[in-house]
**Student:** 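A single structure is presented below for examination.
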Amino acid sequence: MLRVATLFSGGVGNCLFLPSVISAIKLQERFISTSKMAGSPIKNVTIVGSGLMGAGIAQISANTDHNVTLVDLNDELLQKADKRIRASIDRVSKKVFKDDKEAQERLISQTMSNIRYSVDLEGSVRENCDLLIEAIVENLPVKQEMFAKLDKIAPSSTIFASNTSSLPITEIASSTQRKDRFGGLHFFNPVPVMKLVEVIRTTDTSDQTFDSLMEFSKAVKKTPVSCKDTPGFIVNRLLVPYMAEAARLLERGDASAQDIDTAMKLGAGYPMGPIELMDYVGLDTTKFILDGWHQNYPDNPLFKPTAMVNKLVSEGKLGIKSGEGFYKYDNK
């Protein structure tokens, strides 16, 4: 097992929510499908990391009749993932089938029968692995170490993909000898609800790999968009600088937090304003992404960290999850 395996179960960068998440939750029932895949060459999927993102990807893959192996460090983490997946499917089944208890149970049974849990990382990719999706901590050396190890074990035909939201796919792939069979699959949280997946291709990603990733995204009932390996891809590249600029507006005293949020909700039609969105995402997450981008691209003013966000994070005020960020919350 990797020395860094304790970091498998989650990554700060993968918790970034889209502003549309509120309205998207209402559409969750549209994503239920127990039909067979049509024309996708990917059948066997191994997902490393059983946190929110990994469990969500496992759920939608299993629900679309893929054979899924969900891997993490220990049985306790996998049991939590199993409980999370079952609860999610149960909620959706009740919405879709309402009073049809038999149909609800059938959906849960069919989906869960396609998921296998394992603590054997190497054994999980040695055979019958068409696609390996990494959903672990947002730490470049950790990801590189894991992929370098698995590159020597997985079949040559296996496609590697990272669910990173902020790290360069090219740098992650550089630790392997299969750069042509490496790409990004950036899902959004909560995975069973959010319709989008960003499919990232590097300069080395082959057309066949890219096409397979696009088809897989469609097979799991998502809408894929293509993007080159640019910082933040599409959504976060636009969203994070937008939130950072809102913080700078507040820092200068140009407007209050409440007025900034109200202006963007009523003037731009956004469901959340940028200040409350940062609290929702987590100020540590915003800081982590900005710091990483600023380190790699110090001359880009859009990636400049903000003093106010840094100060709040240093004080442990991370947003909703800590009870206070830009705003105060009652988490009781």
Side-chain angles (χ1 to χ4, degrees), residues 11-25 27 31 52-53 56-57 60 131 133-135 138 140 143 159-173 182-207 209-247 264 268-274 277-278 280-282 285-297 300-304:
V12 63
N14 283 332
C15 295
L16 189 59
F17 286 77
L18 288 171
S20 60
V21 69
I22 298 175
S23 58
I25 291 174
L27 303 176
F31 295 90
L52 283 173
M53 299 304 295
I57 298 169
I60 64 171
L131 173 63
I133 303 176
E134 166 269 311
E138 286 286 83
L140 181 59
K143 293 179 188 289
I159 295 173
F160 283 5
S162 174
N163 181 57
T164 182
S165 63
S166 62
L167 298 176
I169 299 297
T170 300
E171 292 189 28
I172 300 173
F182 206 116
L185 280 177
H186 181 214
F187 292 87
F188 291 80
N189 196 12
V191 179
V193 175
M194 300 300 285
K195 301 173 69 172
L196 183 70
V197 57
E198 293 175 321
V199 180
I200 313 305
R201 67 182 306 169
T202 72
T203 55
D204 296 313
T205 305
S206 70
D207 290 340
T209 296
F210 174 73
D211 291 343
S212 294
L213 293 176
M214 290 290 284
E215 287 304 312
F216 172 74
S217 301
K218 295 174 185 176
V220 295
K221 308 303 178 184
K222 299 300 180 186
T223 299
V225 294
S226 170
C227 184
K228 293 181 180 179
D229 190 19
T230 187
F233 316 134
I234 297 174
V235 173
N236 287 350
R237 179 62 177 268
L238 297 173
L239 188 61
V240 174
Y242 157 71
M243 293 190 298
E245 187 58 27
M264 293 310 296
Y270 289 4
M272 297 179 73
L277 179 60
M278 277 189 282
Y280 192 65
V281 167
T285 299
T286 303
K287 174 177 165 54
F288 175 86
I289 295 174
L290 282 173
D291 287 350
W293 290 356
H294 182 63
Q295 181 178 352
N296 292 330
Y297 307 94
N300 191 327
L302 293 176
F303 300 160
K304 183 180 178 180

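We use all heavy atoms of the structure for the numbers below, so side chains are in, but hydrogens, waters and symmetry mates are not.
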**Student:** For D211, give me all partners under side-chain hydrogen bond (donor to acceptor under 3.5 Å, both in side chains), at least two apart in sequence or on another chain.
**Tutor:** none
**Student:** May I ask you to say whether E171 pairs ionically with K143, meaning some side-chain N is under 4.0 Å from a carboxylate O?
**Tutor:** no
**Student:** OG1 of T223 to CE of M194: how many Å apart, nearest 0.5 Å?
**Tutor:** 11.0 Å
**Student:** Mind checking salt bridge (Lys or Arg N to Asp or Glu O under 4.0 Å) for K304 and listing every partner two or more places apart, or none if nothing turns up?
**Tutor:** none
**Student:** Search all heavy atoms of P231 against all heavy atoms of F303 and return the closest pair with its distance.
**Tutor:** CB-CZ, 4.2 Å
**Student:** With no hydrogens and no angle check, is any side-chain donor or acceptor of T202 less than 3.5 Å from a backbone partner on T205?
**Tutor:** yes
**Student:** Could I get the full list of side-chain hydrogen bond (donor to acceptor under 3.5 Å, both in side chains) partners for S206, not counting sequence neighbours?
**Tutor:** T209
**Student:** Quick check on side-chain contact (heavy atoms from CB on, under 4.5 Å): which of L185, I169, L140 does T164 satisfy it with?
**Tutor:** I169
**Student:** Determine whether the aromatic ring centres of residues Y270 and Y242 are separated by less than 6.0 angstrom.
**Tutor:** yes
**Student:** In the structure I gave you, are the side-chain heavy atoms of F187 and I60 within less than 4.5 Å of one another anywhere?
**Tutor:** yes
**Student:** Please examine the side chains of N163 and E134, heavy atoms only from C-beta on, and report whether any two atoms are closer than 4.5 Å.
**Tutor:** no
**Student:** Listed by chain and number, what are the side-chain hydrogen bond (donor to acceptor under 3.5 Å, both in side chains) partners of D204, not counting sequence neighbours?
**Tutor:** none
**Student:** Does N296 have any side-chain contact (heavy atoms from CB on, under 4.5 Å) partners at least two apart in sequence or in another chain, and if so, which?
**Tutor:** none
**Student:** Tell me, do L213 and I159 make a side-chain contact under 4.5 Å, heavy atoms counted?
**Tutor:** yes
**Student:** Can you list every salt bridge (charged side-chain N to carboxylate O under 4.0 Å, His left out) pair that touches residues 234-243, not counting sequence neighbours?
**Tutor:** none
**Student:** With a 4.5 Å limit on heavy-atom distance, are the side chains of F216 and I133 in contact?
**Tutor:** yes
**Student:** Report yes if some heavy atom in the side chain of L239 is under 4.5 Å from a heavy atom in the side chain of L277; otherwise report no.
**Tutor:** yes
**Student:** Side chains of N300 and H294: does their closest heavy-atom pair fall under 4.5 Å?
**Tutor:** no
**Student:** What's the shortest heavy-atom distance between P192 and G56, and which atoms?
**Tutor:** CD-CA, 4.2 Å
**Student:** Look up atom CG in N236 and atom OG in S165, then write down how far apart they are to the nearest 0.5 Å.
**Tutor:** 5.5 Å
**Student:** Roughly how far, to the nearest 0.5 Å, is the CD1 atom of I200 from the OG atom of S162?
**Tutor:** 10.0 Å
**Student:** Closest heavy-atom contact between G232 and W293?
**Tutor:** CA-CZ2, 3.2 Å
**Student:** How far does CE of M214 sit from CZ of R201, to the nearest 0.5 angstrom?
**Tutor:** 9.5 Å
**Student:** So, T170 versus D229: side-chain donor-acceptor pair below 3.5 Å or not?
**Tutor:** yes
**Student:** Answer yes or no: is there a side-chain heavy-atom contact under 4.5 Å between V197 and H186?
**Tutor:** no
**Student:** Please evaluate residues K222 and L196 with respect to the criterion side chain to side chain contact (heavy atoms under 4.5 Å, CB included), reporting the C-alpha separation (whole Å), side-chain torsions for both, the decisive distance (0.1 Å), and the verdict.
**Tutor:** CA-CA 6 Å; K222 299 300 180 186; L196 183 70; over 6 Å; no
**Student:** Within the 4.5 Å heavy-atom criterion, are F210 and S226 side-chain neighbours or not?
**Tutor:** yes
**Student:** Show, in sequence, the C-alpha distance, side-chain angles and deciding distance for E198 and V235, and conclude whether the side chain to side chain contact (heavy atoms under 4.5 Å, CB included) test is met.
**Tutor:** CA-CA 9 Å; E198 293 175 321; V235 173; 3.4 Å; yes
**Student:** Let's go through E138 and L167 carefully: what are the C-alpha distance in whole Å and the side-chain angles of both, what is the deciding distance for side chain to side chain contact (heavy atoms under 4.5 Å, CB included) to 0.1 Å, and is it a yes or a no?
**Tutor:** CA-CA 7 Å; E138 286 286 83; L167 298 176; 4.2 Å; yes
